[in-house]
2 protein chains.
Amino acid sequence: MARPDASGPRARLNRPSVLAAAVALADEVGVEGLSMRRLAQELGVVPMALYKHVRNKDELLDGMVEFLIGEIGDVGETEAAEDWKGRARTRVLAAREVLMRHPWARRLFETRSTKTGAVLDYMNSFAGILLSGGLSAELTHHAMHAIGGRMWGFTQELFEDEPSTPPQGPEAAAMMQEMAQRFPHIAAIASMEHDDSVVGRGCDDQFEFEFALDLILDGIERRHLSGWRSTP
Amino acid sequence: MARPDASGPRARLNRPSVLAAAVALADEVGVEGLSMRRLAQELGVVPMALYKHVRNKDELLDGMVEFLIGEIGDVGETEAAEDWKGRARTRVLAAREVLMRHPWARRLFETRSTKTGAVLDYMNSFAGILLSGGLSAELTHHAMHAIGGRMWGFTQELFEDEPSTPPQGPEAAAMMQEMAQRFPHIAAIASMEHDDSVVGRGCDDQFEFEFALDLILDGIERRHLSGWRSTP
DNA sequence: ACCTGAACACCGTTCAAGT
DNA sequence: ACCTGAACACCGTTCAAGT
């Protein structure tokens with residue numbers, strides 16, 4: 001008798017292998033396509049087998065976040081020469097580079113609410129960069145909030161980005177003109193759409209990311225240098 | 001025979017009433033608790049009845065976003081006296097006030113990718129504020145990206161906020177100490193947790209929001225006043 | 001200790017039918 | 001035009017059982 005669905009490896013399961021498979025599956029089908037049943041099938045195993053290595057789906061998702069943070073690894077032991085701003089900047093851009101390879105990860109990070117050890121480790125070392133630069137605990141606290149998800153390299157784009165292929169054809173021009181009439185200010189702005197348009201949805205634009213990151217880091221530096229405190 | 005589940009009104013359905021009911025239901029049970037079947041039950045109707053007024057669940061969610069934007073309404077026709085920065089600021093804070101009443105809305109905005117007319121209207125008028133302040137189209141474009149979701153009053157908090165009730169009891173102190181040892185920089189920062197702690201999850205802190213918003217608006221103003229352009 | 005099988009209470013959605 | 005009923009192909013998860 002043929003096993004109709006066992007396409008994955010037959011080896012014994014364990015937590016890391018389950019998480020790795022989950023990440024790989026999400027790379028293929030996205031987070032919304034990831035189900036316990038589908039993952040089990042991918043591993044050539046019955047759905048309930050997963051529950052020995054992961055308490056439930058929520059814990060699986062938390063584990064995936066942990067796994068991704070592990071992929072970031074210990075960047076920047078060589079950053080020591082830079083000042084805090086430069087070190088924060090390179091750290092963030094390194095995280096971004098990793099997480100952009102898993103475009104679905106942003107939504108996952110946004111949804112999870114628990115802070116696993118790996119998450120706290122990352123945040124702790126990030127806070128350390130700012131504190132070591134002489135920023136007050138209070139300013140560092142606010143800075144962490146202000147940077148928010150950008151710490152992991154994510155932007156706060158809502159309504160991700162335009163359709164990858166702008167409408168083309170006969171009535172496309174008419175539609176564009178109607179759009180321009182109804183939303184003139186957007187039309188004024190939308191002129192240049194980004195160079196690397198081929199990169200696909202989920203990957204947001206590097207230039208916009210760095211622009212906003214520098215806006216925030218510069219602002220924090222300015223507050224720092226002028227001895228900012230909450231009750232002036 | 002009693003109708004076991006018809007608790008809602010018996011009136012004829014239409015798109016607005018369906019959307020309003022969906023928003024009300026989400027207020028009760030959150031977005032993840034909102035299902036077509038549950039919504040139908042709430043309306044005293046069979047699930048398939050909804051599909052006459054909404055193409056599918058995705059369109060229902062888009063409709064809810066539209067509904068919420070409608071709640072924001074036309075704020076700030078009286079903002080005319082302020083400069084662009086003040087007008088942008090009050091606009092954002094007004095949107096925030098509305099959307100904080102629906103804490104689940106942030107996740108909804110984050111998830112949706114289509115730009116309905118209502119969304120574009122809001123963005124268009126926001127871009128108009130910046131352009132009318134004399135900002136170049138290019139700077140306005142980048143500013144919109146940098147502000148991102150904060151335009152609607154959402155922060156980019158990942159891993160929302162700490163458990164509402166910090167652990168208390170016998171071994172809580174020991175755990176806190178262990179935490180402080182493993183994550184010293186976080187401990188240094190975490191001293192003050194926010195004043196309005198009772199407000200509940202989903203509502204992020206007003207102070208942090210305004211701090212970050214001003215960081216960004218100040219940065220944009222600075223770029224504007226110094227005649228910023230992308231190729232200096 | 002690890003995996004299985006059947007079952008339960010859910011989903012979104014299609015299709016053909018009622019009024 | 002609007003609502004219904006039954007059905008399909010999915011979910012996550014429990015519980016008792018196998019090895």
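Chain identifiers are assigned alphabetically (A, B, ...) following the order of the sequence lines, protein sequences preceding nucleic acid strands; residue numbering begins at 1 within each chain. These numbers come from the heavy atoms of this one structure, side chains and all, not from hydrogens, waters or symmetry mates.
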message = Can you see if the side chain of H53(A) gets near the phosphate of dA1(C) - specifically, an N or O under 4.0 Å from OP1 or OP2?
response =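 The answer is no; no side-chain N or O of H53(A) sits under 4.0 Å from OP1 or OP2.
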inquiry  = Taking pairing as Watson-Crick or G-U wobble with both contacts under 3.5 Å, can you name the mate of dA6(C), or confirm there isn't one?
reply    =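 Partner of dA6(C): dT14(D).
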In whole Å, I'd like the distance from the [atom1] atom of [X] to the [atom2] atom of [N].
| X | N | atom1 | atom2 | answer |
| --- | --- | --- | --- | --- |
| K57(B) | dC10(C) | NZ | C1' | 12 Å |
| R37(B) | dC8(D) | CZ | C1' | 11 Å |
| L13(A) | dC2(C) | CG | P | 10 Å |
| E32(B) | dG12(D) | CD | P | 16 Å |
| L39(A) | dG12(D) | CG | C1' | 13 Å |
| N56(B) | dG12(C) | CG | P | 11 Å |
| L34(B) | dG12(C) | CG | P | 8 Å |
| L60(A) | dC11(D) | CG | C1' | 15 Å |

task = Could you check F109(B), F209(B), F126(B) and say which one makes a ring pair (Phe, Tyr, Trp, His ring centres under 6.0 Å) with W152(B)?
result =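 Result for ring pair (Phe, Tyr, Trp, His ring centres under 6.0 Å) with W152(B): F109(B).
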Atom CD of Q177(B): over 12 foreign heavy atoms under 6.0 Å =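 Result for CD/Q177(B): open.
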Donor-acceptor contact below 3.5 Å, side chain S17(A) vs main chain L13(A) =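 A pair under 3.5 Å: no.
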message = Is there a side-chain contact between T155(B) and E208(B) in this structure, where contact means two heavy atoms from C-beta onward sitting under 4.5 Å apart?
response =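 Heavy-atom side-chain distance check fails, nothing below 4.5 Å.
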message = Is any side-chain heavy atom of M123(A) closer than 4.5 Å to one of I186(B)?
response =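 Heavy-atom side-chain distance check passes, below 4.5 Å.
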request  = Starting from the C-alpha separation in whole Å, work towards a yes-or-no answer on ring pair (Phe, Tyr, Trp, His ring centres under 6.0 Å) for H145(B) and F207(A).
outcome  = CA-CA 10 Å; H145(B) 274 280; F207(A) 181 89; 9.6 Å; no
message = Both V46(A) and S35(B) contact DNA chain C. Taking the nearest nucleotide for each, which residue is further toward the 5' end?
response =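 That would be V46(A).
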key: B/S/- contact track for nucleotides 14-19 of chain C, protein heavy atom under 4.0 Å   = BB----
message = Could you check whether R101(B) pairs with D27(B) (Lys NZ or Arg NE/NH1/NH2 to Asp/Glu carboxylate O, under 4.0 Å)?
response =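 No, no charged N to carboxylate O under 4.0 Å.
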